[in-house]
2 protein chains.
Amino acid sequence: MEENEPKMLNYKGTKYPCCASLTMGLIGGKWKTVILYHLMHDTLRYSELRKTMPTVTERTLSLQLKALEEDGLIKRKVYTSKPPLKVEYSLTDFGKTLIPLIQSIADWGDYVVENYSDA
Amino acid sequence: MEENEPKMLNYKGTKYPCCASLTMGLIGGKWKTVILYHLMHDTLRYSELRKTMPTVTERTLSLQLKALEEDGLIKRKVYTSKPPLKVEYSLTDFGKTLIPLIQSIADWGDYVVENYSDA
DNA sequence: CGGGATCCCACTAGATACTG
DNA sequence: CAGTATCTAGTGGGATCCCG
């Protein structure tokens with residue numbers, strides 16, 4: 001039998017050409033890792049997340065949170081039904097499997113800053 | 001004293017709000033990690049890289065290779081000056097510091113495929 | 001307070017054709 | 001062989017306004 005197809009990987013309906021790109025598909029983008037990085041330490045409210053990421057816009061934060069939720073990495077808990085809403089975000093069990101990776105990503109970033117930064 | 005500025009990190013003239021995003025700025029995007037993943041095992045020629053990534057276009061591969069080179073992660077060696085060109089890409093010493101991270105990214109992707117894939 | 005709706009721009013990446 | 005040129009589509013992300 002022949003296999004010309006590059007045998008794509010599949011997750012949540014999206015196909016990836018290799019295991020590395022699957023990971024990047026889930027945590028890639030400008031903000032997802034930053035969100036995960038902060039949620040890795042604590043459960044946080046929307047407004048708390050915003051404070052840790054002062055340069056993100058509300059819309060973008062919402063979209064990224066939604067994407068992470070759809071990929072099953074974080075969960076969203078609503079505590080009130082009346083206008084002073086309280087929503088908390090935290091990692092799911094699946095999301096927690098990412099912790100060592102996120103930590104490595106952060107560590108390498110630190111390493112670069114210490115050793116190669118042109119700041 | 002007060003420190004209102006979110007104290008940005010700096011690398012190669014680009015600023016990042018946190019160490020995790022710095023890393024993602026260097027290895028993020030749809031193809032960079034895939035390239036690094038393949039170069040982590042071997043030095044490869046342009047055409048060999050293409051074979052390992054059948055779905056990327058030539059233009060995109062060129063751009064990503066150039067970006068990785070500019071960030072100092074890979075190096076480009078030209079072996080001929082006449083038309084049958086031979087160019088090899090490999091990791092720099094700096095790029096090699098990423099190997100454990102790339103491996104972790106690939107490993108997590110594999111883990112997801114094995115345990116959560118809907119393929 | 002926690003977003004959703006809308007509009008817009010810049011950048012990423014694809015398709016195809018061509019060149020040193 | 002290893003790219004570049006051009007043209008285009010898709011998407012990430014910003015700004016602003018609005019709503020429960």
Side-chain angles (χ1 to χ4, degrees), chain A residues 6 8 12-18 20-21 24-36 38-39 43-71 74-90, chain B residues 6 13-18 21 24-35 38-39 43-71 74-90:
Chain A
M8 292 288 186
K12 297 265 181 185
T14 305
K15 288 169 179 290
Y16 302 94
C18 110
S21 69
M24 297 308 288
L26 295 192
I27 69 170
K30 192 169 174 181
W31 296 108
K32 285 187 188 172
T33 39
V34 184
I35 295 172
L36 292 170
H38 291 301
L39 288 183
T43 292
L44 291 176
R45 298 188 56 178
Y46 181 84
S47 52
E48 294 172 321
L49 267 176
R50 286 228 57 200
K51 270 170 227 155
T52 66
M53 304 157 58
T55 60
V56 76
T57 64
E58 312 208 343
R59 176 193 121 102
T60 299
L61 182 53
S62 285
L63 287 178
Q64 302 302 308
L65 285 169
K66 198 177 297 176
L68 288 170
E69 194 188 353
E70 279 169 10
D71 282 333
I74 67 175
K75 59 190 166 210
R76 180 175 182 276
K77 254 193 193 158
V78 187
Y79 286 93
T80 54
S81 57
K82 302 204 188 320
L85 284 191
K86 178 176 174 182
V87 182
E88 280 187 350
Y89 292 93
S90 58
Chain B
T14 305
K15 289 170 179 291
Y16 302 94
C18 111
S21 69
M24 297 309 287
L26 296 191
I27 70 171
K30 193 168 174 182
W31 295 109
K32 284 186 188 174
T33 38
V34 184
I35 295 172
H38 290 301
L39 288 182
T43 291
L44 290 175
R45 300 186 56 177
Y46 180 86
S47 53
E48 292 172 323
L49 268 174
R50 287 227 57 198
K51 269 170 228 154
T52 66
M53 304 157 59
T55 59
V56 75
T57 64
E58 313 207 344
R59 179 191 120 98
T60 300
L61 182 53
S62 284
L63 287 178
Q64 301 303 308
L65 286 169
K66 200 174 298 177
L68 288 170
E69 196 189 351
E70 279 169 11
D71 281 335
I74 67 175
K75 59 191 165 209
R76 182 176 179 274
K77 255 193 191 158
V78 187
Y79 286 94
T80 55
S81 56
K82 302 201 189 319
L85 285 191
K86 179 176 176 181
V87 182
E88 280 188 351
Y89 291 93
S90 58

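Quick note on labels: first sequence line is chain A, next is B, and so on, each numbered from 1.
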Over how many whole Å does the gap from B/Leu68 atom CG to D/dG3 atom P extend? 13 Å
Does NZ belonging to B/Lys77 count more than 12 external heavy atoms closer than 6.0 Å? no
Given D/dG20, D/dC1, C/dG3, which nucleotide is nearest the side-chain atoms of B/Leu85? D/dC1
Can you find a heavy atom in the side chain of A/Leu26 that is under 4.5 Å from one in the side chain of A/Tyr16? yes
Quick one: B/Arg50 CZ to D/dT4 C1', roughly how many Å, whole number? 14 Å
For C/dG2, take OP1 and OP2 only and decide whether either is under 4.0 Å from a side-chain N or O of A/Arg45. yes
For DNA chain D, whose closest nucleotide is more 5', that of B/Leu65 or that of A/Pro84? B/Leu65
Tell me the interatomic distance from B/Leu63, atom CG, to D/dT8, atom P, rounded to whole angstroms. 18 Å
Atom CG of B/Leu44 and atom C1' of D/dA2: how far apart are they, to the nearest Å? 15 Å
Answer yes or no: is there a side-chain heavy-atom contact under 4.5 Å between A/Thr55 and A/Trp31? yes
Axis-to-axis angle across the helix from C/dC1-D/dG20 to C/dG20-D/dC1, five pairs an end, to 10 degrees? 50°
Indicate, with a heavy-atom threshold strictly under 4.0 Å, whether B/Lys32 touches base, sugar-phosphate, or nothing. nothing
Would you indicate what A/Tyr79 reaches in the nucleic acid, counting non-hydrogen atoms under 4.0 angstrom: base, sugar-phosphate, or nothing? nothing
Contacts of type salt bridge (charged side-chain N to carboxylate O under 4.0 Å, His left out), residue B/Glu48, not counting sequence neighbours: none
Any B/Tyr46 side-chain nitrogen or oxygen under 4.0 Å from OP1 or OP2 of D/dT4: no
Please tell me if the side chains of A/Arg76 and A/Leu65 come closer than 4.5 Å, counting only heavy atoms from C-beta onward. no
Given the options A/Leu49, A/Leu44, A/Thr43, A/Tyr89 meets side-chain contact (heavy atoms from CB on, under 4.5 Å) only with A/Leu49
Could you give the distance from NZ (A/Lys32) to CG (A/Leu63), rounded to the nearest 0.5 Å? 10.5 Å
How is A/Ser62 classified with respect to the nucleic acid when contacts are heavy atoms under 4.0 Å: base, sugar-phosphate, or nothing? sugar-phosphate
Less than 4.0 angstrom between a side-chain N/O of B/Gln64 and OP1 or OP2 of C/dA13, yes or no? yes
Could you measure the distance from the NZ atom of B/Lys75 to the CG atom of B/Leu39? Nearest 0.5 Å is fine. 11.0 Å
Once you apply a heavy-atom cut-off of 4.0 Å, does B/Arg76 come out as touching a base, just sugar-phosphate, or nothing? sugar-phosphate
Using only side-chain N and O atoms of B/Ser47, determine if any of them is under 4.0 Å from OP1 or OP2 of D/dA2. yes
Nearest-Å distance for atom pair NZ/P, residues A/Lys66 and D/dT11: 16 Å
Between C/dC1 atom P and A/Glu48 atom CD, what is the distance in whole Å? 12 Å
State, with a plain yes or no, whether a side-chain heavy atom of B/Ile35 is found less than 4.5 Å away from one of B/Leu61. yes
Is there a donor-acceptor contact under 3.5 Å from the side chain of B/Arg50 to the main chain of B/Arg45? no
Would you tabulate the nitrogen or oxygen pairs shorter than 3.5 Å linking the protein to nucleotides 14-18 of chain D?
unit_1 : atom_1 : unit_2  : atom_2 : d
D/dG14 : OP2    : A/Thr60 : OG1    : 3.0
D/dG14 : N7     : A/Arg59 : NE     : 3.3
D/dG14 : O6     : A/Arg59 : NE     : 2.7
D/dG14 : O6     : A/Arg59 : NH1    : 3.2
D/dG14 : O6     : A/Arg59 : NH2    : 3.4

Taking atom C1' of C/dT12 as reference, at what distance in whole Å does atom CE of A/Met24 sit? 14 Å
Roughly how many Å is it from CG in B/Leu61 to C1' in D/dT4, rounded to a whole number? 13 Å
